[in-house]
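Here the structure is a predicted model, which means the values were calculated and not measured. Chain naming here is simple, since letters A, B, ... match the order of the sequence lines and numbering starts at 1 in each.
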Protein chains: 2
Amino acid sequence: MSHVKKEPSLSVIRELARTFQAFEQLSAFHIRQMDLTPPQFDVVATLGNTPGMSCKELSEKTLITKGTLTGVIDRLIEKGVVSRCAQEQDRRSVMVALTAQGEALFQQVFPAHIAYMKTAFDLLEPADMEELCRRLSQLRAAFNQVLEQKKHEIE
Amino acid sequence: MSHVKKEPSLSVIRELARTFQAFEQLSAFHIRQMDLTPPQFDVVATLGNTPGMSCKELSEKTLITKGTLTGVIDRLIEKGVVSRCAQEQDRRSVMVALTAQGEALFQQVFPAHIAYMKTAFDLLEPADMEELCRRLSQLRAAFNQVLEQKKHEIE
DNA sequence: TCAGTATAGTTCAAACTAGAACTAGTTTGC
DNA sequence: GCAAACTAGTTCTAGTTTGAACTATACTGA
């Protein structure tokens, strides 16, 4: 997680890791009470209010890699929450969508979780959060840029 | 990861998850080239320049839970990088420390990784990063506070 | 002193994770 | 028109993750 010690510029990383972990703990604590795992919740939340989408699209939105997604979806199908359905136009692709039961689950579980997490955000000023967003976005851009650069250097 | 959609105040979460993931990808890309996993690197980095520490302490510093740590340390012992050694004063506790070979690995791998990650931070202003740190810390405090509160409510 | 309680680590089951190799289908360029 | 390159998903392996149950040891208070 932290991958670093106390070098000056890198205390950001420590803070980032610890903050993300604190979010995950709070979020997962609630999600587990609703009999889902965090990745399962992510998939249900992402499919809610949509006609369904391909694994690729789902993978991009949830940040779950395609290999992992196969297993997560398998387990959601066992629970009767989502379904897979072949595509006409591109036969490699699979459409994943909520079942009626999954739709009901989404309606029950998604607003409840938003409300739950909101109790944390209510402790903070909206302006501060906007500022945080902007700065996180800068940092993310730097990581992505360097990753691309380093990947090219390898060849 | 994201666990949320586009509710106004919660875009922070999206940004937090994506930024953290970008960091992990960049960091792991380098760590894998050095034949370590991110948790293994974390343990080596945390033990470097110390006389060793208990699993509990190691767990707190690395954010790796104790159950996971057992396995990570098992694999590092197989690699000959760390050692476990029983304690006199508290026989429940185990001291984990780098071996000579682990010390050498640390010297080689840790500065290299700091330098690697620094190429990303060099793209940013130090003042911006300090500001980011402060705001992350606020957010983390809010998550932790609500988690404690919610845990109490359960009983 | 000794029962109750707390703590340090390990073990376990179920799930997730990444990347790499693979299969099957699609697109491109010559 | 067809080989080469690309893309979508699945499968695989090794490792990590969590919480919970368990073992062994240490502490605490009547």
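- B:R84 has its CZ atom 9 Å from the C1' atom of C:dT10, to the nearest Å.
- Both tests do not hold together for B:K150 against A:F29: distance to the six-membered ring centre under 6.0 Å, angle to the ring axis within 45°.
- Listed pair A:Q87 / C:dG25 fails the phosphate criterion, with no side-chain N or O lying under 4.0 Å from OP1 or OP2.
- A:L139 has its side chain within reach of B:F121: a pair of non-hydrogen atoms, C-beta onward, lies under 4.5 Å apart.
- Whole-Å rounding puts the B:I64 CD1 to D:dT16 C1' distance at 9 Å.
- The shortest distance between the side-chain N/O atoms of B:K66 and the OP1/OP2 oxygens of C:dA8 is not below 4.0 Å.
- Taking only side-chain atoms of A:C55, from C-beta outward, the nucleotide of D:dT10, C:dA15, D:dG15 with the closest atom is D:dT10.
- Qualifying salt bridge (charged side-chain N to carboxylate O under 4.0 Å, His left out) partners for A:D122, counting only residues two or more places apart in sequence or in other chains: A:K118.
- Using a 4.0 Å heavy-atom criterion, one finds that B:G67 contacts the bases of the nucleic acid, with or without backbone contacts as well.
- A:F29 has its CZ atom 21 Å from the P atom of D:dT17, to the nearest Å.
- Between B:S93 and D:dT25 there is no side-chain polar atom (N or O) within less than 4.0 angstrom of OP1 or OP2.
- Side-chain proximity of A:T37 to C:dT10, C:dC16, D:dC6: nearest is C:dC16.
- B:I114 and A:V12 fall within the same hydrophobic cluster, defined by Ile, Leu, Val, Met, Phe, Trp and Tyr side-chain heavy atoms under 4.5 Å apart, directly or through other members.
- Side chain to side chain, B:K79 and B:Q40 meet the donor-acceptor criterion of an N or O pair below 3.5 Å.
- Under the salt bridge (charged side-chain N to carboxylate O under 4.0 Å, His left out) criterion, A:R134 pairs with A:E131, not counting sequence neighbours.
- For C:dC16, one of the phosphate oxygens OP1 or OP2 lies less than 4.0 angstrom from a side-chain nitrogen or oxygen of A:R75.
- Comparing A:I73 and B:T65 by the nucleotide of DNA chain D whose heavy atom lies nearest to each, the residue mapping closer to the 5' end is A:I73.
- Comparing C:dT7, D:dG19, D:dG9 against the side chain of A:R32 picks out D:dG19 as the nearest.
- Contact annotation: side chain of A:R92 to base of C:dT26, donor-acceptor pair absent below 3.5 Å.
- In the interface, the side chain of B:R91 is not paired with the base of D:dT25 through any donor and acceptor atom under 3.5 Å apart.
- Using a 4.0 Å heavy-atom criterion, one finds that A:Q89 contacts the sugar-phosphate atoms exclusively.
- One atom, CG of A:D90, and another, P of C:dA24, lie 15 Å apart when rounded to the nearest Å.
- Looking at which nucleotide of DNA chain C each of A:G71 and B:K56 is closest to, the 5′-most match is held by B:K56.
- Across the protein-nucleic acid pair, B:M95 atom CE and C:dA8 atom P stand 14 Å apart, rounded to whole Å.
- Rounded to whole Å, the distance from CG on A:D42 to P on C:dC16 is 11 Å.
- Nearest nucleotide to the A:T70 side chain, out of D:dT10, C:dT10, D:dA26: D:dT10.
- Rounded to whole angstrom, the span from the CD1 atom of A:I31 across to the C1' atom of D:dG19 amounts to 16 Å.
- Whole-Å rounding puts the A:Q21 CD to D:dT18 C1' distance at 11 Å.
- Nearest to the side-chain atoms of B:T68 among the listed nucleotides C:dA18, D:dT17, D:dG15 stands D:dT17.
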